Amino acid sequence: MLQVSYIRENRDKVLERLAVRNFKQPELVNEIISLDEERRSTQSTLDAIAAQANASAKQIGELMRQGQKEQAEQIKSEATNLREQSKSLSEKLSVIEEQLQLKLVLLPNLPHTSVPKGVSADDNQVALEYGEKPSLQANALPHWELATKYDIIDFELGNKIAGAGFPVYKGKGAKLQRALINFFLDNAEKAGYREMQPPIVVNEDSGFGTGQLPDKEGQMYHVGIDNLYLIPTAEVPVTNLYRDVIVKEEELPIMNCAYTPCFRREAGSYGAHVRGLNRLHQFDKVEIVQVAHPDKSYEILEQMSSYVQSLLQALELPYRVLSLCGGDMGFTSAKTYDMEVWCAAQARWLEVSSVSNFETYQANRLKLRFKGKEGKPQLAHTLNGSALALPRIVASLLENNQTEKGIKIPAVLVPYTRFEYID
RNA sequence: GGUGAGGUGCCUGAGAGGCCGAAAGGAUCAGUUUGCUAAACUGACGUACGGGCAACUGUACCGAGGGUUCGAAUCCCUCCCUCACCGCCA
C-alpha cells in the first residue's frame, strides 16, 4: 500500500509511474487525494470540537469539587451538545477513512525507474542468459513420462488422494525432494540467512500484510472453520514476523529463510502448459526474505538475484534472468527479476524463482519500521525471492539430464541424495 | 472440549470514574564521575493523524468493537487472544 502523504505530495509522479504498469484506473489517484483532503479537514474540525469538550469536562470536574453545582449543570448541557457533534463527526470520519482505505488497496506499487514499460510477459527484458541448452536425443521424454518410467513421481496416485496438482513423490523421487530442500537451506545459511520454520497457515491480518489479501483472495486455500489461509509462499509468514515491529536501524538488513510447502489454488489454469510438475497446487520451496534499509534495498536485490543464480549454476541448469516489465510485475512489487530454467524436452523456459523489492509497499501495510538513534521511525523495505521452488527444478533436472543410464544427479547434490543416478 | 485467571508503554508492574499518556523499577540513549571495567548521580526516553518554518501544539490510542457518563485504562455488554489446571492426543 502506498502512503497517502506520498501520493498527495507526488501526484504527477505517481501517475507517471503507474503508467509504466499500464495501470487501468489512474482516476483512483485523484479520488484518493480528494478523500484525503476531506479526511484532513474533517479531522481538524473534530479535533477542535473534542478539545472544547475535553476542556468543558475538566471545568465541570473543577466546579463540582468546589461545590458550584449550578454552574456545573449549565456547562453540562453545553458539553453534551459538543459530544454529540463530535460523535457524528467521528462517524463521518471513519466512513471517509474506510473509503480511503478501500481505494488505497486498489493501487499497486510504483515500479522503480529501471523497470521497462510494458503490458505483458512479451515485454519482459532478458537481462542475461547463462549455460548451454543440452541437445537431447530424438527419443527424449518430457519429465512426466520420465517420472513414470522411473516410478519416482505418481500423479495418478495424487489424484486419488487429493486431486490434480498434488503429486506423490516416491522412492528416489522423494529423496530428491529432500536433497534439494537441504541443499537450498544449507546454501542459504552459508549466504547469511537465518533458517526459520513458520506456520503454514496464516490469519487474515497476515494475508493482508504482505498483500495477498484482498487482491488474491481466490488464489489461496481457505480453512473456513478457523478462518485461516494455507500459505501460497513462505513470504507470507516470514515477512509477517515483522508486522507491527519497529526494529533498530543497526539490525538491518534482517535476513531470513524458510522451507515450507506452498499451496495455490491456481484457479483458471488448465491445459498442456500445466502438465506434470509445471504447475501444482502444492509444492515445496525455500524462500529468502530480507528487511532492508531503503538506501540499500536495490543493492540487496542484485545480491539476491546473484545468489539465486549461484544455485542454478551449481545445479548446472541453463537459465535466463528476466527483468519484468511494469505490466507483468506483481501488484506489490517495485522491481522483479524472474529466473527461468530451460526444460530441454519441453523446449520451454520455466520460472523457478522470482526476486522482488517491495520497497515500502508491504512495510506500510505491515507497519514495519526501523528507527535510528535519532529521528522518527521510518518504513523499512522488504524483499524476497524463491531460492528455490522445487517442482520445475526437478522437471528440468529430469529432462536435461536424461541419459542411457538414467537421470544423472548434479555433482553438488550427490552428497545429499547419496545416489548418482535415478534408474 | 471443560474450568479458572488475565490482557496497561521495549520489559516487569501499579492504577479501580476527573489531579492519568499513565507511578515505580528494569532496559536503552546522552551527560557527569572514572586509569579501564563496574557502580553512582543527572537528564532523555511510545505511536499515529492534524496545525506550525520552528520552538511547540491539538486529537486519538491502556487487546478489539460498542454502551453508560459532562468526563472511562478504571463501570457495563460483545468479541478476540494469552496463560494455568483437567480431559483428549501427536
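Residue numbers start from 1 in every chain, and the chains themselves are labelled A, B, ... in the order their sequence lines are given, proteins ahead of strands. Just so it is clear, the model here is predicted, and its values are computed rather than measured.
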Query raised in the report: B:rU68 P sits how many Å from A:Glu84 CD, rounded?
Result: 11 Å

Report summary line: Contacts of A:Ser56 and A:Ala50 projected onto RNA chain B by closest heavy atom; the upstream (5') one is A:Ala50

Query raised in the report: In whole angstrom, what separates A:Lys92's NZ from B:rC49's P?
Result: 21 Å

Requested in this report: May I ask which nucleotide in the shown strands pairs with B:rC49, Watson-Crick or G-U wobble, both distances under 3.5 Å?
Outcome: B:rG58

Report summary line: A:Lys87 has its side chain closest, among B:rG18, B:rG50, B:rG67, to B:rG67

Query - Closest to the A:Arg83 side chain, choosing from B:rA48, B:rC70, B:rG50 - result: B:rC70

Query - Rounded distance (Å) that lies between atom P of B:rC70 and atom CG of A:Leu63 - result: 15 Å

Query raised in the report: Expressed in whole Å, how much space separates the P atoms belonging to B:rU82 and B:rC77?
Result: 23 Å

Query - Spacing of the P atoms in B:rC80 and B:rU12 (rounded, Å) - result: 25 Å

Report task. Give the intermediate values and the outcome of side chain to side chain donor-acceptor pair (under 3.5 Å) for residues A:Asn109 and A:Thr332. Result -> CA-CA 5 Å; A:Asn109 203 352; A:Thr332 53; over 6 Å; no

Query - Check: A:His112 ring centre within less than 6.0 Å of A:Tyr298 ring centre - result: yes

Query raised in the report: Atom CG of A:Leu89 to atom P of B:rG50: distance rounded to whole Å?
Result: 17 Å

Requested in this report: Might you work through the side chain to side chain donor-acceptor pair (under 3.5 Å) test for A:Gln309 and A:Ser305, ending with a clear yes or no?
Outcome: CA-CA 6 Å; A:Gln309 292 179 52; A:Ser305 162; 3.0 Å; yes

Query raised in the report: Is A:Asn54 near enough to B:rU59 that one of its side-chain N or O atoms lies under 4.0 angstrom from OP1 or OP2?
Result: yes

Query - Same-atom distance (P) from B:rG1 to B:rU69, integer angstrom - result: 38 Å

Query raised in the report: How about A:Glu316 and A:Asn401: does a side-chain donor come under 3.5 Å of a side-chain acceptor?
Result: no

Query raised in the report: Hey, what do you get for CD (A:Glu37) to CD1 (A:Ile96), rounding to the nearest 0.5 Å?
Result: 11.5 Å

Query raised in the report: Within the structure, does a side-chain N or O atom of A:Arg40 lie under 4.0 Å from either OP1 or OP2 of B:rG51?
Result: yes

Query raised in the report: Closest to the A:Lys76 side chain: B:rG58, B:rC19, B:rC70?
Result: B:rC70

Query raised in the report: NA contact type, A:Ser44, heavy-atom cut-off 4.0 Å: base, sugar-phosphate, or nothing?
Result: sugar-phosphate

Query raised in the report: Under 4.5 Å between any side-chain heavy atoms of A:Phe419 and A:Val414, yes or no?
Result: no

**Report entry** Closest-nucleotide ordering on RNA chain B, the 5'-leading residue of A:Asp47 and A:Thr80
**Finding:** A:Asp47

Query raised in the report: Of all the choices, B:rC70, B:rU59, B:rU47, which nucleotide is nearest to the side chain of A:Pro377 once you look at every atom?
Result: B:rU47

Query raised in the report: If you measure from the C1' atom in B:rC79 to the same atom in B:rA24, how many Å do you get, rounded?
Result: 33 Å

Query raised in the report: Which base sits across from B:rC79 as a Watson-Crick or G-U pair, both distances under 3.5 Å?
Result: B:rG63

Query raised in the report: For atom C1', what is the distance between B:rG58 and B:rG21, given to the nearest Å?
Result: 14 Å

Query raised in the report: For B:rC29, does OP1 or OP2 lie under 4.0 Å from any side-chain N or O of A:Lys371?
Result: no

Report summary line: Under a 3.5 Å limit on both distances, the Watson-Crick or wobble mate of B:rC85 is B:rG2

Requested in this report: Please measure how far the C1' atom in B:rG71 lies from the corresponding atom in B:rU78, and state the result in whole Å.
Outcome: 24 Å

Query raised in the report: Roughly how many Å is it from CZ in A:Arg369 to P in B:rG46, rounded to a whole number?
Result: 14 Å

Report summary line: In Watson-Crick or G-U wobble terms, with both distances under 3.5 Å, the base opposite B:rA44 is B:rU28

Query raised in the report: Taking the same atom, P, in B:rA55 and in B:rA48, what whole-Å distance lies between them?
Result: 16 Å

Query - Ionic contact status for A:Asp423 with A:Lys172, cut-off 4.0 Å - result: yes

Report task. Classify the nucleic acid contact of A:Ala79 as base, sugar-phosphate or nothing, counting any heavy atom under 4.0 Å across all strands shown. Result -> sugar-phosphate

Requested in this report: Could you check how far CZ of A:Arg39 sits from C1' of B:rG50, rounded to whole Å?
Outcome: 8 Å

**Report entry** Integer angstrom distance from the C1' of B:rA44 to that of B:rC49
**Finding:** 25 Å

Query raised in the report: What is the ring orientation for A:His281 with A:Phe166, classed by angle as parallel under 30°, tilted 30 to 60°, or perpendicular over 60°?
Result: tilted

Query - Pair assignment for B:rU68, Watson-Crick or G-U wobble, requiring both distances under 3.5 Å - result: none

Report task. For A:Ile60 and B:rG71, give me the distance from atom CD1 to atom C1', rounded to whole Å. Result -> 7 Å

Query raised in the report: Counting only Watson-Crick or G-U wobble pairs whose two distances fall under 3.5 Å, which nucleotide matches B:rA38?
Result: none

Report summary line: pair_partner(B:rA22), Watson-Crick or wobble, both distances < 3.5 Å, evaluates to none

**Report entry** Identified pairing partner of B:rA73, criterion: Watson-Crick or G-U wobble below 3.5 Å
**Finding:** none

**Report entry** A:Asn203 CG - B:rG63 C1' separation (whole Å)
**Finding:** 14 Å

